[in-house]
2 protein chains.
Amino acid sequence: MEPLAEKKKAIFESTLELVNENGFHGTPMSMVAKRAGVAAGTIYHYFESKDSLICELFQSIEAQRLNVLKEADDKTLPYQDRFFNVWRSLYLFYIKNPNVLKFYEQFVNSPYNSTKKGGGFKPYLNLIFSFFEEGVNEGILRKVDPQVLGVMVHGNIISTAKIHVHGTISLSEEALKLIQQIVWDGIVKRDR
Amino acid sequence: MEPLAEKKKAIFESTLELVNENGFHGTPMSMVAKRAGVAAGTIYHYFESKDSLICELFQSIEAQRLNVLKEADDKTLPYQDRFFNVWRSLYLFYIKNPNVLKFYEQFVNSPYNSTKKGGGFKPYLNLIFSFFEEGVNEGILRKVDPQVLGVMVHGNIISTAKIHVHGTISLSEEALKLIQQIVWDGIVKRDR
DNA sequence: GCAAACCGAATGAACATTCAATAGAGAGGA
DNA sequence: TCCTCTCTATTGAATGTTCATTCGGTTTGC
């Protein structure tokens, strides 16, 4: 029962895909059930309602993201390397999971996020904030509210990942490096 | 009959508000009608369907945005001033129209945008692209694909506006200036 | 045997859309 | 000035569909 019961995982996966294809609306529970290979009723064994299914899915994504961030940040490295690692790991996470990216974006911009269960704690963003706080305190980054830095860089990673996922422009390895460099050059303390 | 028939404007306005409050789902046509002060049937006099109402609303927002951009960019000014003007005008547009910002974000991340009428031409982004192309060609900006610069800066403006609109952190005038400076310092050509 | 997990047809509410009927606004005509 | 005629704008109740959710029953694991 621990490793996220197969069925439950299948329901999450199916919801993720369908919400990408059809949006929150346009994704009937019956379809979620069918693609997950379970009966409609079964979903209600695991989730209270459609809303709570979606909110829980979001929370599980939050957890994944937090994990990626934690694993990426090796605190023994110099700060600049840590920045590049964190940026790159999150970027890779999004492009490897385009469904997650799109679901996430749909969710945070929807009213789900304002009300209800989804919007409470934000451990992921908090970790980002403290990452930048360190940089500021150590005198490596400009003196800017770390929360602002956090949101800016987070937004930049998302934007970049969307470029890749939308596929209109393709990003070479060098282009990626360049983008990271642009951001770094912006936030790093001007010496002199 | 020319200036966007009062009724039609009221329907747009009502849709904008309700989609913010309740999302695309959770916004029944009957409610749109009631808030707009018209009968349900009237909406179908102006729009073919709910989908086309939403797509047309999006297009009207695109047009507004394009306008803001055009008006903000005074080509007689030095490039750096133009950049700051453009950035600030778009930022102001979003924070003065938070409903527009949120509707826009909901729309572009939804499946509406992938299919149908909404996603075709992108005059706004194209103008942004050519703005950055100029900067690159004139040797003021780093040699980066202008489309990438465009998406990055656009994303940054949106992120910043969201900080303001969400209201968790408040942005002073200096903070704003600093953010613009950070972006500028990132994209500008490193001399030596 | 007995929980817990699972099924899927049945229920009822919500909703997009339709349409027959009404109001209004102009255009002529006497 | 007043009276049609006509075309458009508007109404809101009625329609038919779609869906979230329920629940009585079945299966499965222990």
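Naming convention: chains lettered A, B, ... in sequence-line order (proteins, then strands); numbering from 1 in each chain.
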Contact list (N/O, under 3.5 angstrom) for nucleotides 22-26 of chain C vs protein:
none

Is there a ring pair (Phe, Tyr, Trp, His ring centres under 6.0 Å) between A:Phe47 and A:Phe12 once you walk through the steps?
CA-CA 11 Å; A:Phe47 304 95; A:Phe12 271 163; 5.5 Å; yes
Can you tell whether the side chains of A:Asp185 and B:Arg190 come within less than 4.0 Å, N to carboxylate O?
yes
Does the pair A:Lys9/A:Glu13 count as a salt bridge with the N-to-O cut at 4.0 Å?
no
Interatomic distance where [atom1] belongs to [X] and [atom2] belongs to [N] [whole Å]:
{"X": "A:Lys8", "N": "C:dA4", "atom1": "NZ", "atom2": "C1'", "value": "15 Å"}
{"X": "B:Tyr44", "N": "D:dT11", "atom1": "OH", "atom2": "P", "value": "15 Å"}
{"X": "A:Leu53", "N": "D:dC19", "atom1": "CG", "atom2": "P", "value": "16 Å"}
{"X": "A:Phe47", "N": "C:dC6", "atom1": "CZ", "atom2": "P", "value": "12 Å"}
{"X": "B:Ile11", "N": "D:dT10", "atom1": "CD1", "atom2": "C1'", "value": "11 Å"}
{"X": "B:Lys50", "N": "C:dT17", "atom1": "NZ", "atom2": "P", "value": "8 Å"}

Return no unless some side-chain N or O of [X] is found under 4.0 Å from OP1 or OP2 of [N].
{"X": "A:His45", "N": "C:dC6", "result": "no"}
{"X": "A:Tyr46", "N": "C:dC6", "result": "yes"}
{"X": "B:Lys7", "N": "D:dT10", "result": "yes"}
{"X": "A:Thr42", "N": "C:dC7", "result": "yes"}

Name the orientation class of the two ring planes belonging to B:Phe24 and A:His25 (parallel below 30°, tilted from 30 to 60°, perpendicular beyond 60°).
tilted
Specify whether A:Phe107 and A:Phe58 have parallel, tilted or perpendicular ring planes, treating 30° as the upper limit for parallel and 60° as the lower limit for perpendicular.
parallel
Counterpart residues, side chain to side chain contact (heavy atoms under 4.5 Å, CB included), relative to A:Lys50 (two or more places apart)
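In terms of side chain to side chain contact (heavy atoms under 4.5 Å, CB included), with neighbours along the sequence ignored, A:Lys50 is linked to A:Met29, A:Ile54.
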For this output row, return yes or no: ring centroids of A:Tyr124 and A:His154 closer than 6.0 angstrom.
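Ring centroids of A:Tyr124 and A:His154 are less than 6.0 Å from each other.
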Worked check of ring pair (Phe, Tyr, Trp, His ring centres under 6.0 Å) between A:Tyr79 and A:Phe131
CA-CA 10 Å; A:Tyr79 193 81; A:Phe131 177 78; 4.9 Å; yes
Residue-level proximity of residues 22-39 of chain A to DNA chain C when a heavy atom falls under 4.0 Å
A:Val38, A:Ala39
Where do B:Gly186 and B:Arg142 come nearest, in terms of heavy atoms and distance?
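Distance-wise, the nearest heavy atoms are O-NH1, 2.8 Å.
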